[in-house]
Amino acid sequence: MSEKYSVNLPQTSFPMKANSAVREVEIQKMWEEDKIYEQSLEKRKDGAKFVLHDGPPYLSSNKIHIGTALNKILKDIVTKYKALQGYYAPYVPGYDSHGLPIENAVLKDVKGGRNSMTPIELRRRCRDFALSNLKGQETNFKRLGVWGDWEHPYITLDSKFEAAQIRVFAKMAAAGYLYKGLKPITWCPNCETALAEAEVEYGDHVSESIYVKFAVKPESLAKLPEAVRNESDVSFVIWTTTPWTLPANLGVALHPDFNYDFVKTAEHGVIVVAEALRNSVLKACGIDESTASVLATEKGSSLEYIECVHPFVQRTSLVMVGDHVTADTGTGCVHTAPGHGPEDFLLGNKYKIGVLSPVDGRGFFTEEAGQFAGLRYDKANQPILDHLSELGKLLAHSKVTHSYPHCWRCKKPLIFRATEQWFASVDGFRKQALKAIDTVEWIPASGKNRIFAMVEKRADWCISRQRSWGVPIPVFYSRKTGKPLLREDVIRKVADVFEVEGSDAWWEREPSYFLGTDFKDEEGESEFDKETDIMDVWFDSGVTHSSVVDARPELRGTPCELYLEGSDQHRGWFQSSLLTSVALHDRAPYKTVLTHGFVVDETGRKMSKSVGNVVEPDEVIKQYGADVLRLWVASVNYTDDVPIGKNMLAQLAEVYRKLRNTVRYMLGNLHDFDPKDAVKYEDLTGIDKFILHRLQDLVVRVREDFDKYEFFKYYQLLQNFCVVDLSSFYFDIVKDRLYTSSKRSVSRRAVQTTLNELLQVLVRLLVPVTPHLAEDIWQNMPELLKGNERSVLLTDFPVERKEYLDAELDNFWKDLITVRVVVNKALEQARGARKIGSSLEAKVLLKLDDAKLAEKLLSLNQELNGLFITSQATVLAQNEALSTEEGHLSDASESGINVAVLQASGTKCARCWKYSLEVGENAEYPELCNACREAVIADGAFCSSRT
RNA sequence: GCACGGGUAGCUCAAUGGUAGAGCAAACGGUUGAUAACCGUUAGGUUCCUGGUUCAAAUCCCGGCUCGUGCACCA
């Protein structure tokens, strides 16, 4: 046979290889030039709003990491899905630009540190640094295919933003939620600033562990039990891991309900410790139990108000009682320094013993610390120990490793230090905040308990920072009285100036510039100083619901529909946003909060540079393209930590390729299809109708998955559909009709009609997760199939088409597939024995125990061999035996389905490659079967030789 | 230390208390008219471990291991 007959092969401009590095960028350029995002908004402006408000990434780096990519992609999947569903879903990206880490990063390269330049100069450098990082991050985000208003992002350093933030401050001041107070707050001596709870992290730290005697004053001996009143040396023993806080000691705390033993020792006189801890203390102090005797035991509550002498300062330390004292470690007698611990502070307040905090902002002792003045706090431990030892007050000394608060930015240990700070009174609106939490949908649901517990317990929010790079706390103090001006009208004047000049004005302008020259406060004072603290950066981002969502008309105000961030934001942005919103409006700023976990490597370890397991988004994109990265996002269950690594990406690339080729098959076979020639549903064959039914099932379930934000289910579904239903089943079977039926035949048009339905739906289902792929498909689709729509992003998300549903047909075909599985096994056997190659070389005989199933197969008639892709297929009657006749090659049998494979009868048709007895019957077309002969005649083109 | 969540095939995910399934990857084979594409077959599991409830447990209960997260770590 020297000639080949032409068949209808697929033709398409849609390439098999994605060439993402080039093609994705082209597509993004098209979206940008044609303003597809803007067109989408315009098209859907009358739809219900769905606003996902962007949590601003921090501008300390010019490159995003994989976790940020995960977050941004998740957001984009949501907004694209909602938009295609017809929602008005604008997305305004934001950036967080103030704060300590940026200031530190800038100062790192400055000789002489922060004192070598003016605040304005420092702020200018911080601003430049932040804005240059913004450029880098923006490029990264856009390359992910994230759509949104990139021309007008919100930036917290924007003067309008700053003004809005000041106005929020004004409202909170007016509501009485802001106050200045002296409190021990966590302080970073390295960064020289106060830190919020959210900025503290705990880690192991080696501390001194010491036991110290606090002698009872002679005049308090009368308050002791009878048995010890005559003892000359009675001391409470405290345990501490921070010797440097001893200069600030003002008391000793006992638990009111614990029993305290008065233990007479040979070496240290009478010592007082909790009964429950007596033995462990004796042991720790190297005191032989046999030489010690308990003279008396007394409840903590009856020892209250005994006065002790400070071990090395001429000062009284008062014995107090508090429930915070525990019996698991120490002595049951707690060294209390109100200036260095929150609980100490509270207790000290109750007993009015005062506050002492003799440490400056850099962690050095002040004059108040007496002989230790000038030492850095951590260098003071040893001298204090030596001193205690000399005085005979030190019972024991060792090292202990325990967890200790550290600065989450500079990683250095923190101290507690009492200073004057501005606070937002969480107590003032805690109840409302908890109520608001209840109105929000938290996904996953555990997030609700998490934030509830945090807000329930959290202390007042310290919003002061002693730095330069941020929005100033807009308060003036009377120069004479020192009284702060906390008036809404005054603060709003500051906002008005900032709106025009930015917050630099705070450093550049005199108070009178803001207040007016003839301004006087209630007491008639006209001279003022400006507050020097700036606001916690969490306050900046915490007010975006007001400064962005409420301020930008296109976002249509709070509450917005969704916040979507990493689960660490329960204590960060979700909380700061909630608190300020409740303070302002008594409601949450969001209706739903969705959280995701962190990205880890394939073995579940955290990513770190030192381990070398970091996956960089831009490297993934370079190698595989943004859509593969997006596919990764869609493939994992992000409620927990999400793994990523080389193997996973390679697999995802395979899946992407499979999706692409599935679509390519459809495109190729639709090149000559005009929807005008579509075949009516009633005239489709069974398998066409079946696949359309399956498609509806897919659509329904995909919508459910997207609605529940369970993208990994979508990923599994879509993949299964393309691989199982389409590629290995429908496409494989229907290929014969497409290729060998005559071009305009109903048989071929029916497949094309079906393929078009499939394609129209699939290309739309692909948009949220793999928008570049979807757009690439769209741009390569025959014009007739696109309905003049410029971009696939402007199309509508598919809905279920009830007219395609047919449950009976579904069951029918599922039975047939069961049979097909057994047939494949039989064919494989014949193939394995090298008796056939292509399945077209085979004939299948079937015998079914189930008569109904046999009937079903019989009803398929000519479609049956097509189902198996064999040349012939016959269903035997109940009384016929499965033959072992000539040509028998193999067989298989499973659950009543019995299959025999025989050599196909007849000769191979030169065109359709099926074996048939008809080949050779016709003199004019001796190489063709009847069907091919008719097709060739119908198409008028035959015997064309292939090149 | 306390609380919550997770642990199913190499990977990503399924399984109203009723024979543990898909896809991918692997191995082997076919096709050469989806061709750096496509099709088929095979293999792969003590469902983290130990007890218990039940006719029946991946699923429910007790205890443990492990990973993650949060809280507490205060002296």
Side-chain angles (χ1 to χ4, degrees), chain A residues 4-10 12 16-17 202 209 238-242 245 249 252-253 322 324-326 328-337 340-344 402-405 416 444 446-447 449-451 453-454 457 567-568 570-571 597-598 600 602-606 632 634-637 639-643 645 647-648 650-655 657-658 660-669 710 712-713 715-724 727-729 731-732 735-736 738-740 821 824-825 827-829 831-832 834 836-841 869 911-913 946:
Chain A
K4 279 209 167 186
Y5 291 85
S6 71
V7 288
N8 310 307
L9 289 180
T12 178
M16 195 148 59
K17 285 193 78 176
Y202 288 84
S209 161
I238 63 96
W239 172 72
T240 183
T241 54
T242 50
T245 62
N249 174 284
V252 174
H324 67 285
V325 178
T326 61
D328 13 294
T329 46
T331 64
C333 308
V334 175
H335 149 57
T336 301
H340 290 306
E343 280 170 321
D344 296 16
H402 63 155
S403 93
Y404 189 85
F416 281 96
S446 55
N449 295 334
R450 200 160 152 186
I451 193 166
M454 288 178 189
K457 276 191 237 160
S567 58
D568 58 333
H570 283 106
R571 72 166 179 176
F598 291 96
V600 295
E602 280 174 316
T603 61
R605 288 173 309 173
K606 270 184 191 153
W632 162 70
S635 74
V636 290
N637 180 352
T639 30
D640 290 319
D641 282 353
V642 288
N647 298 323
M648 280 178 72
Q651 279 190 32
L652 285 155
E654 284 296 304
V655 174
R657 192 182 51 73
K658 185 72 192 182
R660 203 175 166 88
N661 282 314
T662 304
V663 172
R664 185 161 183 270
Y665 177 91
M666 293 189 271
L667 285 173
N669 285 298
E710 290 176 345
F712 57 95
K713 289 190 178 164
Y715 168 82
Q716 301 275 339
L717 272 179
L718 186 75
Q719 192 194 175
N720 264 280
F721 186 76
C722 286
V723 173
V724 180
S727 191
S728 72
F729 181 70
F731 288 177
D732 212 28
K735 203 173 351 184
D736 178 59
L738 281 170
Y739 290 5
T740 70
V821 167
N824 274 337
K825 285 180 186 170
L827 288 170
E828 186 60 24
Q829 265 190 47
R831 199 175 284 132
R834 305 200 176 274
I836 59 166
S838 161
S839 55
L840 286 175
E841 292 166 31
I869 319 184
R911 184 162 172 278
C912 72
W913 296 347
R946 275 182 95 242

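To find a chain, count down the sequence lines: A is the first, B the second, and so on, and within it residues start at 1.
Using a 4.0 Å heavy-atom cutoff across all strands shown, F731(A) reaches at least one base atom of the nucleic acid. Residue-level contact check: P444(A) touches neither bases nor backbone, having no heavy atom under 4.0 Å from any strand. Using a 4.0 Å heavy-atom distance criterion, S635(A) is classed as a sugar-phosphate-only contact. Residue contacts for G837(A): at a heavy-atom cut-off of 4.0 Å it reaches the sugar-phosphate backbone alone, with no base atom in range. Within the 4.0 angstrom heavy-atom criterion, no nucleotide atom of any strand lies near R660(A). In this structure, N449(A) reaches neither bases nor backbone, as no heavy-atom distance under 4.0 Å exists between it and the strands shown. Residue T241(A) is classed as a sugar-phosphate contact, given heavy-atom separations below 4.0 Å to backbone atoms only. At the heavy-atom level, K658(A) lies under 4.0 Å from the strands shown only through sugar-phosphate atoms. In this structure, D641(A) reaches the sugar-phosphate backbone alone: every heavy-atom distance under 4.0 Å involves primed, P, OP1 or OP2 atoms, never a base. The residue T242(A) sits close only to the backbone: its heavy atoms come under 4.0 Å of sugar-phosphate atoms, none of a base. V600(A) comes within contact range of no nucleotide atom at all, as no heavy-atom separation falls under 4.0 Å. Y665(A) comes within 4.0 angstrom of a nucleotide base, judged by non-hydrogen atoms across all strands.
The partner of G40(B) is C28(B), by the rule that a Watson-Crick or G-U pair needs both atom distances under 3.5 Å. Both distances falling under 3.5 Å, in either a Watson-Crick or a G-U wobble arrangement, occur for no nucleotide opposite U46(B). In this entry G18(B) has C55(B) as its Watson-Crick or G-U wobble partner, both defining distances falling under 3.5 Å. Across all strands shown, G33(B) forms no Watson-Crick or G-U wobble pair with both key distances under 3.5 Å. For U69(B), the paired base is A3(B) (Watson-Crick or G-U wobble, both distances below 3.5 Å).
In this structure, the aromatic ring of W913(A) is positioned over the six-membered ring of the base of G33(B), centres within 5.5 Å and planes within 30°.
The side chain of R450(A) has U69(B) as its nearest neighbour among U69(B), U35(B), G5(B).
Across the C1' atoms, G18(B) and A58(B) are found 13 Å apart, a figure rounded to whole Å.
With rounding to whole Å, K713(A) atom NZ is found 6 Å from A14(B) atom P. In this structure, Y739(A) atom OH and C39(B) atom P are separated by 12 Å, rounded to whole Å. Atom CG in N824(A) sits roughly 17 Å away from atom P in C38(B) (whole-Å rounding). In this structure, the CG atom of L667(A) is 11 Å from the C1' atom of A34(B), given to the nearest Å. Rounded to an integer number of Å, the gap from CD1 of I451(A) to P of C4(B) is 19 Å. What separates CZ of R657(A) from C1' of A25(B) is a distance of 12 Å, to the nearest Å. Atom pair M454(A):CE and C4(B):C1' shows a separation of 12 Å (rounding to whole Å applied). When rounded to the nearest whole Å, the span between CZ of R834(A) and P of G29(B) equals 7 Å.
Put simply, K606(A) has a side-chain N or O that comes within less than 4.0 Å of OP1 or OP2 on U69(B). An OP1 or OP2 oxygen of A34(B) is reached within less than 4.0 angstrom by a side-chain nitrogen or oxygen of K735(A). Contact annotation: S839(A) does not reach the phosphate of G40(B) (side-chain N/O to OP1 or OP2, under 4.0 Å).
Mapping A650(A) and R664(A) onto RNA chain B by nearest heavy atom places A650(A) at the nucleotide closer to the 5' end. Looking at which nucleotide of RNA chain B each of P643(A) and I836(A) is closest to, the 5′-most match is held by P643(A).
Across D344(A) and A337(A), no two heavy atoms sit closer than the pair OD2-N, 2.8 Å. Minimum interatomic distance between F729(A) and V724(A) (heavy atoms only, all atoms of both residues): CB-O, 3.2 Å. Contact detail for I869(A) and D732(A): the closest heavy-atom pair is CD1-OD2, 3.2 Å.
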Inset, instruction - For side-chain hydrogen bond (donor to acceptor under 3.5 Å, both in side chains), just list the numbers for H335(A) and T245(A), CA-CA rounded to whole Å, side-chain angles, deciding distance to a tenth of an Å, and then say yes or no. - result: CA-CA 9 Å; H335(A) 149 57; T245(A) 62; 2.7 Å; yes
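K825(A) has no carboxylate O lying under 4.0 Å from a charged side-chain N of E828(A), or vice versa, which leaves the two without a salt bridge.
One cannot find a donor-acceptor pair under 3.5 Å joining the base of A34(B) and the side-chain atoms of T662(A). For U12(B), its base sits under 3.5 Å from the side chain of Q716(A) at one donor and acceptor pair at least.
No donor-acceptor contact under 3.5 angstrom links the side chains of S838(A) and W913(A), judged on distance only.
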